[in-house]
There are 2 protein chains.
Amino acid sequence: MAAKSEPRGAEETRAGDVLHRMRLDIISCALKPGTRMRFETLKELYAVSFSTLREALQRLVAEGLVVSEGQRGFMVAPLYLSDLQDLTNVRVLVDQECIARSILHGDDDWEAQIIAAFHRMDRLKARLNDLYFMSDEWAVLHGDFHRSLVSACQSPTLLDFRDKLFQRAHRYRRMSCQFRTKWRPKDVEHRTLMETVIARDAPAAKNLIERHIRETTENVIQNAGQFLSTEPTAFPGIIKSMAAE
Amino acid sequence: MAAKSEPRGAEETRAGDVLHRMRLDIISCALKPGTRMRFETLKELYAVSFSTLREALQRLVAEGLVVSEGQRGFMVAPLYLSDLQDLTNVRVLVDQECIARSILHGDDDWEAQIIAAFHRMDRLKARLNDLYFMSDEWAVLHGDFHRSLVSACQSPTLLDFRDKLFQRAHRYRRMSCQFRTKWRPKDVEHRTLMETVIARDAPAAKNLIERHIRETTENVIQNAGQFLSTEPTAFPGIIKSMAAE
DNA sequence: GATAGTCACATTTTCGAAAATCCTTAGAAT
DNA sequence: ATTCTAAGGATTTTCGAAAATGTGACTATC
């Protein structure tokens, strides 16, 4: 796992660096879903103090990657089937909108970045035949490609939300890899997606991205659905009412 | 402002309590947008230590109510015209979806809660004639009403996102109140909205909520648009060399 | 006059000890 | 056997001092 590495932190502050490393460890499932995060352990893992850890943890709570249980510490957010399904539906909505807006606003440079991202992803896949999708590097390039599609949507708020959804969904994909029995070929889909987006065919692109997201989820459920907890009662942090009293 | 009050915190942890109070102070504009948050000041205001403050601040950064500037501390997130417009568009998308899903899934109890929320809001408005919309209590009841409309949408992720958007938007409404020159009557809209939702007319409800959100934003811009900064390119990728001077 | 370097001060950020809280076990009472 | 209470240890949470960093003023040099 990435923990304790990165000697020269690109982050500006130590808490930011820990946040970055912790997030990576959680979405890569190096920190396993549902495990309690004891401070003594974390302190050793990331080599920082209590307070600094807490800062990072609070951010991760807000991102939905960690849950805090009252005064009983923190734990890596569990993986629920119901959460995966919820996530899938919301991602379809958001990604469809982002793609449509990108098609509307994107310029030549946007198209170029999509083609570049696809190329990088495609070449890595050729180099790492068969088990390419288990490598960390492919996860990065695959994420970059999908982001390039939506990057011209002109909405920081929507884009930020999309990224968080993508990260949360990545944990399920990651878990599914370990138990995979079969894997459908997605490379054709990616190419079609790219071509459709660059052809500025918004309705077709929306259909494609929806199919892509939903089929991936189905794949995850087939591979690892039995390992997902089915406790659906968890309604994450809901902010009640507003304003003072 | 709510700061330093609430002697017996309903929150489980002190950091959670400070987070709650700070959030209230920010969305009510008691902490003015764009002001730097010095720790010495905050420590006195909220009567907690540095580390506890930082925990709350990190959460607020993730919620978009506070921005952190490298090693130069934190500041209350500024109010930008471009952010308001972005926020408006995203809120339309999300609220429309939430309402449609609520209409699909809502039961009798959901309808009852809508009616109850509307009634509370309506009666308060009758009691506080004219300047009702400046009171904190009305902000709460108005927020509760809008939330009741979408509360049956069956998606924790979407609902949570919606709440954060609503809070961010509330700061703009709040600011606009202070400079208001005119205010359009929204009470009729609210009633129509309620009736349409309970009549399960999804397309009509989606139209109404879109109009409601967009017109409110237009109202805010007319009242206080001149006080909103137009500074940031707001797009991380576009260089702001032009605005720089 | 403008630029670079240096120092003192203000502010933020980090740390680990101390306080608060939770959890487990043991023993007693019903 | 079950429930309740107490004590002890384990863990989290909070605090303020100490370290790190940014800021601004002043001087020296070109």
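Reckoned from all heavy atoms, side chains included, excluding hydrogens, waters and symmetry mates.
Along DNA chain D, the nucleotide closest to Arg36(B) and the one closest to Phe50(B) are compared, and the more 5′ of them pairs with Phe50(B). Of the two residues near DNA chain C, Glu55(A) and Gln71(A), the one whose nearest nucleotide lies more 5' is Glu55(A).
Between Ser51(B) and dT13(D) there is no side-chain N or O to OP1 or OP2 distance below 4.0 Å. The phosphate of dA20(D) (OP1 or OP2) has no side-chain N or O of Arg14(A) nearer than 4.0 angstrom. Close to dT23(D), at under 4.0 Å from its OP1 or OP2, lies a side-chain N or O of Arg72(B). Between Thr13(B) and the phosphate of dT14(D), there is a side-chain N or O to OP1/OP2 separation shorter than 4.0 Å. Checking the phosphate oxygens (OP1, OP2) of dT12(D), no side-chain nitrogen or oxygen of Arg54(A) falls inside 4.0 Å.
Here the P atom of nucleotide dT11(D) and the CG atom of Leu57(A) are 16 Å apart, to the nearest Å. We find that CG of Leu53(A) is positioned 15 Å from P of dT14(D), with the value rounded to whole Å. Taking atom CZ of Phe74(B) as the reference point, atom C1' of dG22(D) lies 15 Å away to the nearest angstrom. What separates CD of Glu69(B) from C1' of dT23(D) is a distance of 13 Å, to the nearest Å. Remark: P of dC23(C) and CZ of Arg38(A) are 11 Å apart, rounded to the nearest angstrom. In this entry the distance linking CD of Glu40(A) with C1' of dA17(C) reads 13 Å, nearest Å. Atom CD of Glu12(B) and atom P of dT14(D) are 11 Å apart (whole Å). Distance Leu42(A) CG to dT12(D) C1': 12 Å, rounded to the nearest Å.
The Phe39(A) side chain lies nearest to dT12(D) when the options are dT12(D), dT21(D), dT14(D). Of the candidate nucleotides dT13(C), dT12(D), dC15(D), dC15(D) has the atom nearest to the side chain of Ser49(B).
Here Ser148(B) contributes atom OG and Leu141(B) contributes atom CG; the two are 11.0 Å apart, rounded to the nearest 0.5 Å.
For the residue pair Tyr46(A) / Asp25(A), a side-chain donor-acceptor distance below 3.5 Å is found, with atom types taken as modelled.
Among residues two or more places apart in sequence or in another chain, the side chain to side chain contact (heavy atoms under 4.5 Å, CB included) test is passed with Thr88(B) by Leu84(B), Ile213(B), Arg214(B), Thr217(B).
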Practice problem: Step by step, work out the side chain to side chain contact (heavy atoms under 4.5 Å, CB included) result for Thr157(A) and Phe161(B). | Solution: CA-CA 10 Å; Thr157(A) 301; Phe161(B) 185 47; 4.2 Å; yes
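With Asp163(B) as the fixed residue, the salt bridge (charged side-chain N to carboxylate O under 4.0 Å, His left out) test singles out one of Arg147(B), Arg168(B), Arg91(B): Arg147(B).
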